[in-house]
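In what follows, a structure is listed as structure tokens, so that the remarks can point back to it.
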Amino acid sequence: MARFLITLPSREHGGRGARPDFPGPVTDLRRAYGPFDHLAQVGRAAEIAAFHGALAPFDPEGEESLVVAAGVLRQSRWLRAVAEFHPGIATPVYAAKVSASLQRFSTDRLDWKLAVDLDRGTARAQGDFLEGPDRYARAEEFLTVAKGVWSEEGYTYEGRFYQVLAGGFQPPLAGRLFPRIHLSGTSKEALELSARHADVHVFDPEDDIEAAGLPGVAYGLRIPVLARDDDDEAWEAARRLWRRDGGTAATLPDPDPRTRLWRGFAPSRPARAAGPAGPSGRAVAEAAGSLGTALLGPFDTGAARHSPAEAAGLPGTGGPFRSGLVGAFETVAAGIRDYIDRGVGVFFLEAAPYIEETYRLGERLLPLLAKESAHVR
Amino acid sequence: MSVDIYWRIGTHGDQPSLRRRVASRGEWAPVVPGSLAPGVRDGQRDGYSYVEHMGDVARASELSGFVGGLLPSFPNTDDPWAAAATLARETTTYRFMIAFQPGFLHPVQAARMSASLQRATGGRVVYNVISGGGGPDQLWWGDRVGHDDRYARTSEFLDVLKGVWDGGPFDFDGRFYRVEGAGLPEGLAGQPFPEIYFSGSSRAAIDAAGRHADYYLSWLEPFHALSEKFDQVRANSDRPPKFAVRIDVLARETEEEAWDEIRRGWDNIDPTVLRGATGDSIGWQRSQSFVTGTISGHRDLEVTPNVWGGFHLLRGGPAFGLVGSYEQVAERLDGLIGLGVGAFILAGVPHLEEAYRVGEHVLPLLRGHDLRIGSPLLEGTPS
């Protein structure tokens with residue numbers, strides 16, 4: 001059975017932007033509200049819409065993912081929450097300890113996604129000066145130690161990055177399920193790390209999934225989707241998005257006829273790192289907040305995904321715009337089915353506005369995929 | 001000045017009373033019929049967990065008039081960050097005092113978690129920064145920085161945390177931490193900065209407290225000793241913090257009733273276990289130093305009127321607490337306010353029921369008056 005997760009908004013008041021004032025004659029009983037009011041509702045929407053889980057992305061420009069995940073877990077009974085973070089946030093012992101409690105509080109519904117390959121500026125702003133293969137070496141130790149203290153009493157470890165003496169959890173902290181580990185990346189180091197530690201390896205839509213070769217690891221896909229009643233309506237919405245993000249009719253990309261992928265979803269990257277040419281993450285988020293039907297690509301994890309040339313790319317020039325599926329619900333379902341045929345079993349769908357799209361996808365898209373289990377690894 | 005009164009939450013289960021040292025709340029002891037909130041019903045997991053009970057204590061504290069609660073942190077407890085993030089939206093005014101040791105989290109991450117929690121709670125996060133107390137046990141946590149260096153690290157940690165709080169870009173290159181262009185993003189930046197309760201009795205702690213603490217937090221000690229400690233903190237600080245005391249309370253309608261409750265617990269303990277220190281906490285060693293002489297009965301541990309040094313024998317945790325009638329306990333708290341105490345973290349076993357009792361019967365009697373004049377409690381105190 002394929003699993004479907006939504007991606008939680010990390011910025012802009014839980015993805016809804018600023019709330020406009022009412023004119024004088026309108027009785028206004030709205031209380032002060034905060035981003036977690038909307039985040040809670042997105043999580044509830046995912047629970048009600050029968051998604052399997054929700055990803056709280058690591059976004060250096062947004063809310064902290066463990067706090068977001070804890071809130072979502074608290075307000076749901078079935079939903080799994082995937083908290084994405086990088087190994088520099090804490091010692092592995094402490095990350096495991098916080099997680100052991102969250103597992104206890106949620107009956108084992110917390111998962112981890114490690115953002116290993118941060119870009120240099122993001123990493124340094126997080127106090128993390130490791131570079132290159134060392135980042136994977138540390139992630140390896142991080143996961144080894146976290147799993148060690150989780151499952152062994154009297155656990156001792158002496159590594160390059162971490163040391164533990166007679167560590168390990170005792171009951172009742174001990175004995176919970178270790179969070180499922182989600183990793184990503186297509187480099188040799190990334191795939192080797194996944195082979196040893198991942199439960200799910202998360203790809204991007206244009207990655208060469210077949211080349212990965214990770215026996216025993218489930219394959220995941222993080223993909224923006226824009227689905228409507230029919231293809232025309234979906235493409236009209238896509239064109240609106242394109243114009244909002246600074247594109248013109250002349251530069252509007254066509255979907256790839258072979259993969260069905262449309263490389264026109266909003267660029268996602270930290271606002272501070274935004275190149276001079278593209279719209280900043282913040283501008284995109286503001287625009288999304290003002291367009292009730294707009295679809296906003298969620299933000300990058302800060303992962304070093306794009307080359308410098310790509311990062312500075314203009315709309316429609318093969319720049320940082322991202323690939324996703326656009327079309328009628330049936331069309332998008334067919335695109336997802338292609339990935340299922342290629343072995344992908346876990347889908348992190350990205351769609352905004354978050355609450356409305358989560359309902360829409362739960363009502364219209366997921367039922368089309370309910371029977372998909374063939375080839376899922 | 002208004003006095004902030006917190007109530008502790010047990011992050012490690014709770015006992016139904018001080019009479020028997022048996023934890024039946026949560027699953028830290030074997031789950032038996034009558035255990036509350038173990039997350040097990042008819043032998044099956046029931047989907048609840050101990051955090052439900054923590055939420056009950058938080059709500060009871062809020063309803064009883066406490067401003068919030070301390071969520072303590074030890075290797076065998078649930079984690080305060082996890083608990084605060086889980087319960088963030090289930091109370092209205094309750095402040096989450098999160099105990100943490102700076103070495104385990106990176107300060108940028110601590111800032112990010114704190115700011116998100118401030119947004120989730122409407123600014124109700126308070127820090128209890130702990131630097132010492134671990135000794136060899138620190139390596140359980142994967143931390144091998146020595147005692148005094150831990151305070152130096154705490155200072156750097158708080159420098160970085162404060163440095164990024166309002167958005168940066170912030171550069172720092174210290175012994176323990178280095179950041180480049182760090183800062184909380186728009187939205188997270190500029191939240192109210194959590195008040196800092198700073199724990200530690202050593203000289204290194206007192207020095208570090210002088211730089212960063214809003215409240216210097218001490219366990220209860222005999223009042224003259226506390227008074228001396230406060231003087232030492234004041235003398236070592238350009239900007240003296242306020243003072244806070246963590247106190248267990250056993251208050252009953254009459255003094256006799258209160259001591260009888262203690263006696264019933266005393267009858268159930270093994271008298272050979274009257275000593276025993278672990279770790280390199282100066283605070284623990286200090287607390288032990290006040291009890292001298294032969295112990296033949298529970299009242300022998302009453303070192304000054306109503307200050308009893310045997311709580312650690314009846315439940316885990318520090319030794320000293322207040323025992324007496326509602327009026328006596330209120331008077332002692334007033335006496336501490338007179339010594340300059342601006343905040344209390346009170347506790348009682350069982351945490352939920354005693355929160356109501358103390359909120360209903362003791363807090364209303366507090367007057368905030370300086371009761372030191374002519375008080376026998378402060379004998380030996382330098383004036």
Side-chain angles (χ1 to χ4, degrees), chain A residues 11-13 32 34-37 39-40 59-64 66-71 73-75 77 85 88-94 97-102 104-107 121 124-129 145 149 157 162-173 270-272 282, chain B residues 11 13 26-28 38-39 45 47-51 75-79 81-90 101 103-109 112-117 119-122 136 139-144 160 164 168-170 172 177-183 185-188:
Chain A
R11 304 184 193 177
E12 294 298 314
H13 289 285
F36 280 78
D37 293 291
L39 274 166
D59 177 1
E61 299 297 312
E63 301 293 345
E64 201 284 322
L66 284 163
V67 173
V68 172
L73 288 170
R74 181 60 173 168
Q75 288 150 44
R77 296 176 191 171
F85 53 86
I89 63 165
T91 63
V93 177
Y94 201 61
K97 181 113 188 314
V98 172
S99 300
S101 281
L102 290 175
R104 285 162 44 70
F105 301 163
S106 71
T107 53
R124 292 181 163 221
Q126 303 276 320
D128 180 359
F129 287 71
V145 173
V149 297
Y157 184 87
Y162 305 111
Q163 297 83 34
V164 176
L165 181 63
F169 302 155
Q170 295 173 10
L173 288 183
R272 282 173 203 218
R282 189 162 292 147
Chain B
T11 48
E27 63 294 44
W28 276 262
R45 284 208 174 139
Y48 290 102
S49 76
Y50 180 70
V51 78
N76 58 340
T77 62
D78 271 318
D79 177 73
W81 291 101
T86 297
L87 297 172
R89 297 171 55 78
E90 296 181 20
Q101 303 201 40
F104 310 157
L105 272 176
H106 192 277
V108 173
Q109 172 68 6
R112 287 176 49 74
M113 284 168 65
S114 304
S116 271
L117 268 177
R119 280 151 67 85
T121 60
L139 268 164
W140 183 95
W141 294 100
D143 179 22
R144 61 176 175 187
V160 174
V164 302
F170 175 73
F172 187 89
Y177 300 108
R178 184 177 161 204
V179 295
E180 206 173 271
E186 194 178 303
L188 268 66

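So that the names make sense, note that chain A is the first sequence line, chain B the second, and so on, each numbered from 1.
For Ala83(B), the parts lying under 4.5 angstrom from a heavy atom of chain A are both the backbone and the side chain. If you measure heavy-atom distances from Ala40(A) to chain B, the contacts under 4.5 Å come from the side chain alone. Using a 4.5 Å cut-off between heavy atoms, Phe104(B) contacts chain A through both its backbone and its side chain. Contact of Arg119(B) with chain A is made through backbone and side chain together, with heavy-atom distances under 4.5 Å. Contact annotation for Leu73(A): neither backbone nor side-chain heavy atoms come within less than 4.5 Å of a heavy atom of chain B. Both the backbone and the side chain of Phe105(A) come within less than 4.5 Å of a heavy atom of chain B. For Val179(B), the parts sitting under 4.5 Å from any heavy atom of chain A are the backbone and the side chain alike. In this structure, chain B has heavy atoms under 4.5 Å from both the backbone and the side chain of Thr91(A).
The greatest number of non-hydrogen atom pairs below 4.5 Å with chain B, out of Thr107(A), Val67(A), Val93(A), Ile89(A), is found for Ile89(A). Contact count against chain B (heavy-atom pairs under 4.5 Å) is highest for Pro172(A) among Ala100(A), Pro172(A), Pro92(A). Ranked by non-hydrogen atom pairs under 4.5 Å with chain B, the options Ser101(A), Ala90(A), Gly71(A) are led by Ser101(A). For the set Pro171(A), Ala32(A), Ala166(A), the count of heavy-atom pairs under 4.5 angstrom toward chain B peaks at Ala166(A). Between chain A and the options Asp78(B), Thr77(B), Leu188(B), the largest number of non-hydrogen pairs under 4.5 Å is found for Asp78(B). Note on Ala88(B), Pro75(B), Gly103(B): by heavy-atom pairs under 4.5 Å with chain A, the leading option is Pro75(B). Of the listed residues (Arg144(B), Arg178(B), Glu27(B), Met113(B)), the greatest number of heavy-atom pairs within a distance under 4.5 Å of chain A belongs to Arg178(B).
Put simply, the side chain of Leu173(A) does not reach to within 4.5 Å of the side chain of Asn76(B), judged on heavy atoms. In this structure the side chain of Val51(B) reaches within 4.5 angstrom of the side chain of Arg74(A), judged on heavy atoms. Side-chain contact between Tyr94(A) and Leu105(B) is present, with heavy atoms from C-beta onward closer than 4.5 Å.
With rounding to the nearest 0.5 Å, the separation of CG in Asp59(A) from CZ in Arg112(B) is 7.0 Å. Atom-to-atom distance recorded for Glu64(A):CD and Leu117(B):CG is 8.5 Å, nearest 0.5 angstrom. A distance of 12.0 Å separates CG of Asp143(B) from CG of Leu165(A), quoted to the nearest 0.5 Å. Lys97(A) NZ to Trp140(B) CH2: the interatomic distance, rounded to the nearest 0.5 Å, is 5.5 Å.
Dense packing is recorded around OH of Tyr157(A), with more than 12 heavy atoms of other residues, nucleotides or ligands lying under 6.0 Å away.
Cation-pi geometry between Arg89(B) and Phe36(A) is not satisfied (NZ or CZ under 6.0 Å from the ring centre, within 45° of the ring normal).
Classification of Arg124(A) and Glu180(B) as a salt-bridged pair holds, one side-chain N sitting under 4.0 Å from a carboxylate O.
Shown here for Gly142(B) and Val164(A), the closest heavy-atom pair between the two residues is CA-CG2, 4.1 Å. For Pro185(B) against Pro60(A), the heavy-atom pair with the smallest separation is CG-O, 3.4 Å.
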